[in-house]
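All values derive from a computational prediction rather than experimental measurement. For ligands, and for the atoms within them, numbers begin at 1 and follow the listed sequence.
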Amino acid sequence: MRIGVLTSGGDCPGLNAVIRSVVHRAVADHDDTVVGIEDGFLGLVEGRSRPLGLDDVHGILTRGGTILGSARVARDRLRDGVARSDELAAKLGIDALIAIGGEGTVTAAQLFSEAGLPVVAVPKTIDNDIDATDVTFGHDTAVHIATEAIDRLKTTAESHQRVMVVELMGRHTGWITLNAGMAGGAHGILIPERPFDVEEVCQMVEERFSRGKKFAIVAVAEGAEPRPGTMRYENGSTDAYGHQLFGGIGTRLAGEIAQWIDKESKPVILGHVQRGGTPTAQDRVLATRFGWHAVEAVHQGAFGCMTALRRTDIRLVPISDAVAHLKTVPESRWMEAEAVL
Ligand code: F6P
């Protein structure tokens, strides 16, 4: 078979591990040909690809980013591509496509699949917000990076008796902030799923200092918002691809805390550091397993499916199950975190 593989959407650690695994399983075990499509769906609609053999994936397991590149595609361009699915597949000479990406990619994969392109999706995202899989690769790495940042901020915050507000990624869900906040022992954890009261946050900080504590760390997800009426804060509009632009909650909140208490309060925006560099061992293993199962799915003809981690096993689930809604932090996980704040 000739299998096309692409990576789309925001990059994340572990993408190369999937590509490597796909090539090994397909080429070495099934005698397939693998075609790497460049820059995600943009390369698909523009017909840009290159052959991927075992030599091409040598040494990429530990590399962050994606050797195939990734890009955003405007919605109308994507719709046009979906309408030309057969023509695009013929041009690239592929019998099937493995699409590795986040929520947007998986949704696009579903559209191409419905249009008749044989697609298997592999979920990735540091945000861990894709439903139907217990976890996505990239998340563990991001949580490690964010936890290390919190650990480091603690020592400098304590030396200067400061409040540090660390803003972490997470557009619509607070998984990174919740997990890194718990692992790093943050004193406040603010996530999009639970609008916060700024007074409560400031009181918590004030109370810590009054107990003789020398610093406070507040972890806030980029998509977190204050409860209506508690703090003036506005997110921006949306970008050309329909993604929400945020208003800088970390900076805004640090300013609010500094006004409330007589202590310095500094924002730290961790940003894309959370997406860069080598994946953790756990992410490398999950990504490698997903790659293996994606190739098997192609050979079984399980198109329109996505690889998913269910407990310790990899299963194939309909893509439609994954895109029905976002996986948000449930109340039960919040209660466990809240108990140790
Ligand atoms: O969805 C993954 C993610 O890293 C989000 O957490 C973040 O908001 C977004 O991508 C940033 O994407 P970019 O800056 O690449 O547009």
Looking at every heavy atom in both [X] and [Y], which two are closest together, and how far apart are they?
X: H325; Y: D131; result: CE1-OD2, 3.0 Å
X: S8; Y: G40; result: CB-CA, 4.1 Å
X: W334; Y: V329; result: N-CG1, 4.3 Å
X: I249; Y: E222; result: CG2-O, 3.8 Å
X: R252; Y: Y233; result: CG-CD1, 3.8 Å

**Request:** Would you please classify the geometry between the H299 ring and the H30 ring as parallel, tilted or perpendicular, with 30° and 60° separating the classes?
**Result:** parallel
**Asked** Does some non-hydrogen atom of H272 fall short of 4.0 Å from ligand 1?
**Response** yes
**Asked** Does G102 come within less than 4.0 Å of ligand 1, judged by its heavy atoms?
**Response** no
Identify the closest protein heavy atom to [atom]: which residue and atom is it, and at what distance?
atom: atom 7 (C) of ligand 1; answer: E222 OE2, 3.3 Å
atom: atom 9 (C) of ligand 1; answer: R171 NH2, 3.4 Å
atom: atom 12 (O) of ligand 1; answer: R275 NH1, 3.1 Å

**Message:** Below a 4.0 angstrom heavy-atom separation, can you tell me which part of I126, side chain or backbone, both or neither, approaches ligand 1?
**Reply:** side chain
**Message:** Heavy-atom distances under 4.0 Å decide this one: backbone, side chain, both or neither, for R72 against ligand 1?
**Reply:** side chain
**Asked** In terms of atom number and element, which parts of ligand 1 are under 4.0 angstrom from non-hydrogen atoms of G170?
**Response** 6 (O)
**Asked** Considering only heavy atoms of M169, which atoms of ligand 1 have at least one such atom less than 4.0 Å away?
**Response** 4 (O), 6 (O), 7 (C)
**Request:** Using distance alone, decide if ligand 1 has a nitrogen or oxygen within less than 3.5 Å of any nitrogen or oxygen in D127.
**Result:** yes
**Asked** Does the ring of F215 carry R208 above it, NZ/CZ under 6.0 angstrom from centre and within 45° of its axis?
**Response** yes
